[in-house]
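Basis for what follows: all heavy atoms, side chains included, without hydrogens, waters or symmetry-related copies. Letters A, B, ... are given to chains in the order of the sequence lines, protein chains preceding strands, and every chain is numbered from 1.
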Protein chains: 2
Amino acid sequence: MAAITRAEDLKQTLETKILSGELLPGTRLDEQGLAHQFNISRTPVREALRQLGSSGLVDMRSRQTPIVAIITVQKLIQMFEVMAELEGLCARLATRRITSQQRSQLLRSQDDLKESLKTDEPMRFYEVNREFHEVIYEAASSEFLAEQTRNLRNRVSPYRRHVTAQPGRMIATIAEHQAVIDAMSIGDSDAAATAMRRHVNLLGDSLADLIAHLPSDMIEGTIGR
Amino acid sequence: MAAITRAEDLKQTLETKILSGELLPGTRLDEQGLAHQFNISRTPVREALRQLGSSGLVDMRSRQTPIVAIITVQKLIQMFEVMAELEGLCARLATRRITSQQRSQLLRSQDDLKESLKTDEPMRFYEVNREFHEVIYEAASSEFLAEQTRNLRNRVSPYRRHVTAQPGRMIATIAEHQAVIDAMSIGDSDAAATAMRRHVNLLGDSLADLIAHLPSDMIEGTIGR
DNA sequence: ATAAGGCTTATTGTATGCAAAGTTTTGATT
DNA sequence: AATCAAAACTTTGCATACAATAAGCCTTAT
């Protein structure tokens with residue numbers, strides 16, 4: 001399922017670089033530069049940028065050089081608010097529809113989380129955490145809901161890695177995940193939804209605090225160049 | 001705030017035609033045809049189509065002629081499920097943040113709904129109904145949430161008008177709106193969220209039923225030719 | 001009659017050139 | 001030295017030409 005068109009290829013490449021933090025918010029993405037850099041013409045570059053634009057990762061003000069989207073603290077809070085609701089719905093649906101296989105995957109990922117906390121591997125923690133949520137998306141059996149939620153996760157991802165590595169947050173995350181698992185295991189879908197919503201909102205608050213209390217020139221989001 | 005670029009213009013035009021039902025799901029949107037029809041080149045046409053593609057209104061399978069997106073009944077149900085959750089969140093936030101002006105706007109729209117039912121003006125009903133929800137988005141004071149919810153409303157809109165005009169649904173809608181208003185007026189944000197979620201889900205079920213029980217060649221969504 | 005295969009045609013993907021809008025630099029004037 | 005204006009330059013928006021791929025059609029063989 002490799003991308004066949006240059007535009008699609010570039011879109012994937014840029015998306016990866018933005019999500020991974022290699023391209024920081026505010027970075028200018030001029031067509032000619034990218035075209036030259038990837039040995040393609042401006043046409044597919046434009047298409048890739050436009051697509052990233054409508055997905056929200058790139059800011060496309062007309063007649064101006066596109067930049068990696070900068071999210072204000074206020075908007076970040078709003079995004080987590082919505083994400084909390086969607087993840088909550090995922091948990092609610094998953095509680096009713098989860099298979100036993102998926103249930104054991106959840107338990108396993110919980111063990112892995114504790115392990116990576118003990119061995120102090122924040123990157124692994126980040127990845128396992130992602131898997132935990134991914135299992136719940138799958139268990140919810142709503143491809144559309146999964147897409148929407150993933151898209152939102154992606155959009156906040158460039159800011160998220162700041163907070164994920166914080167020790168306090170890692171411990172809290174494990175406890176919050178446990179609350180979700182517990183609610184799901186007794187089949188209480190409302191409690192599962194509430195626990196998940198709370199989990200995501202706490203994460204958002206913590207991230208918002210972190211960013212808001214940083215001096216503005218420490219925030220990567222300020223127009224770097 | 002008129003669109004200045006041809007691509008943006010065309011995007012708006014196509015979006016309007018799709019939402020209004022003038023362009024039915026399954027309609028082919030070939031670049032050359034549109035370019036000729038609007039006296040512009042293929043380049044801005046491509047851009048407009050790509051944008052509509054990522055917003056979900058147009059289906060853009062690679063190397064194939066784009067078509068107005070066809071939504072399966074299953075996916076439609078999933079979309080309403082998510083929309084119900086988002087509209088519920090809107091109602092919850094709006095309950096806490098609504099101004100007195102907005103509150104009276106809600107009451108007024110409720111009167112207008114009853115009026116347009118009495119005078120049998122389904123188009124007006126449709127429009128006032130939209131306004132009702134729009135006021136709640138605004139009252140929720142989360143531009144991001146409003147955007148997400150609107151986008152979803154737009155995506156189901158081509159299918160929605162089938163059910164809106166049904167007399168039973170119109171009466172039910174008025175009652176369901178009233179439940180939302182009542183909960184909001186006593187400041188019970190949870191009840192408001194639940195009432196709104198219920199309202200949107202009922203609408204979705206009703207629409208899904210309608211479409212599922214129709215012979216497939218009566219569904220506009222089937223690839224018309 | 002039907003299915004398989006190749007050829008023709010239609011349509012999308014990409015490159016390039018030109019026009020228009022925006023940005024920066026430079027210079028003149030106060 | 002500071003400010004404003006204009007010109008030079010940069011960068012995006014659009015048009016057109018060409019390449020590549022998929023779709024449709026016809027032929028042919030079984």
Using residues 88-98 of chain B as the side-chain source, report each donor-acceptor pair under 3.5 Å to any protein atom, sequence neighbours left out, with the distance given to one decimal.
{"unit_1": "Arg92(B)", "atom_1": "NH1", "unit_2": "Asp190(B)", "atom_2": "OD1", "d": "3.0"}
{"unit_1": "Arg92(B)", "atom_1": "NH2", "unit_2": "Glu85(A)", "atom_2": "OE2", "d": "3.2"}
{"unit_1": "Thr95(B)", "atom_1": "OG1", "unit_2": "Ala91(B)", "atom_2": "O", "d": "2.7"}
{"unit_1": "Arg97(B)", "atom_1": "NH1", "unit_2": "Ala140(B)", "atom_2": "O", "d": "2.7"}

Residue pair Arg63(B)/Ile40(A) against DNA chain C: nearer the 5' end by closest nucleotide is Arg63(B)
Of Gln64(B) and Gln64(A), the one whose closest nucleotide on DNA chain C sits nearer the 5' end is Gln64(B)
Base-paired stems in DNA chain C, each at least three Watson-Crick or G-U pairs under 3.5 Å
C:1-30 with D:1-30
Contacts of type salt bridge (charged side-chain N to carboxylate O under 4.0 Å, His left out), residue Glu131(B), not counting sequence neighbours:
none
With the threshold set at 4.0 Å, does a side-chain nitrogen-carboxylate oxygen contact exist between [X] and [Y]?
{"X": "Arg6(A)", "Y": "Glu47(A)", "result": "no"}
{"X": "Arg169(A)", "Y": "Glu176(A)", "result": "yes"}
{"X": "Arg153(B)", "Y": "Glu87(B)", "result": "yes"}
{"X": "Asp59(A)", "Y": "Arg61(A)", "result": "yes"}

Rounding to a whole Å, what distance do you find between [X]:[atom1] and [N]:[atom2]?
{"X": "Phe38(A)", "N": "dA15(C)", "atom1": "CZ", "atom2": "C1'", "answer": "18 Å"}
{"X": "Gln51(A)", "N": "dG13(C)", "atom1": "CD", "atom2": "P", "answer": "10 Å"}
{"X": "Leu34(B)", "N": "dT11(C)", "atom1": "CG", "atom2": "P", "answer": "12 Å"}
{"X": "Ile4(B)", "N": "dG22(C)", "atom1": "CD1", "atom2": "C1'", "answer": "12 Å"}
{"X": "Asp30(A)", "N": "dT23(C)", "atom1": "CG", "atom2": "P", "answer": "14 Å"}
{"X": "Arg6(B)", "N": "dA20(C)", "atom1": "CZ", "atom2": "P", "answer": "10 Å"}
{"X": "Arg28(A)", "N": "dT23(C)", "atom1": "CZ", "atom2": "P", "answer": "9 Å"}

Is it true that Tyr137(A) and Glu147(A) share a donor-acceptor pair across their side chains at a distance under 3.5 Å?
no
Tell me which residues in residues 53-60 of chain B put a heavy atom below 4.0 Å from DNA chain D, sorted by number, or none.
none
Any side-chain N or O of Arg50(B) below 4.0 angstrom from OP1/OP2 of dG13(C)?
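For Arg50(B), the contact criterion (side-chain N or O under 4.0 Å from OP1 or OP2 of dG13(C)) is met.
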Report yes if at least one side-chain N or O of Ser41(A) is closer than 4.0 Å to OP1 or OP2 of dT14(C); otherwise report no.
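For dT14(C), neither OP1 nor OP2 has a side-chain N or O of Ser41(A) closer than 4.0 Å.
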Parallel, tilted or perpendicular: ring planes of His177(A) versus Phe132(A), cut at 30 and 60 degrees
parallel
Quick one: does Leu10(A)'s side chain get under 4.5 Å of Leu14(A)'s, heavy atoms only?
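Touching, per the 4.5 Å side-chain cut-off.
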Scan [X] against the nucleic acid and name what it touches under 4.0 Å (heavy atoms): base, sugar-phosphate only, or nothing.
{"X": "Arg42(B)", "result": "base"}
{"X": "Glu47(A)", "result": "nothing"}
{"X": "Thr43(A)", "result": "base"}

Is it the case that more than 12 heavy atoms not belonging to Arg198(A) sit under 6.0 Å from its CZ atom?
no
When you list every nucleotide of DNA chain D with an atom under 4.0 Å from a heavy atom of chain A, which one comes first 5' to 3', and which comes last?
dT11(D) to dG13(D)
Run the side-chain contact (heavy atoms from CB on, under 4.5 Å) check on Val68(B) and Leu57(B) step by step: do they pass?
CA-CA 6 Å; Val68(B) 178; Leu57(B) 283 174; over 6 Å; no
Inter- and intrachain pairs under side-chain hydrogen bond (donor to acceptor under 3.5 Å, both in side chains), touching residues 32-44 of chain B, at least two apart
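Non-adjacent pairs meeting side-chain hydrogen bond (donor to acceptor under 3.5 Å, both in side chains): Glu31(B)-Arg42(B).
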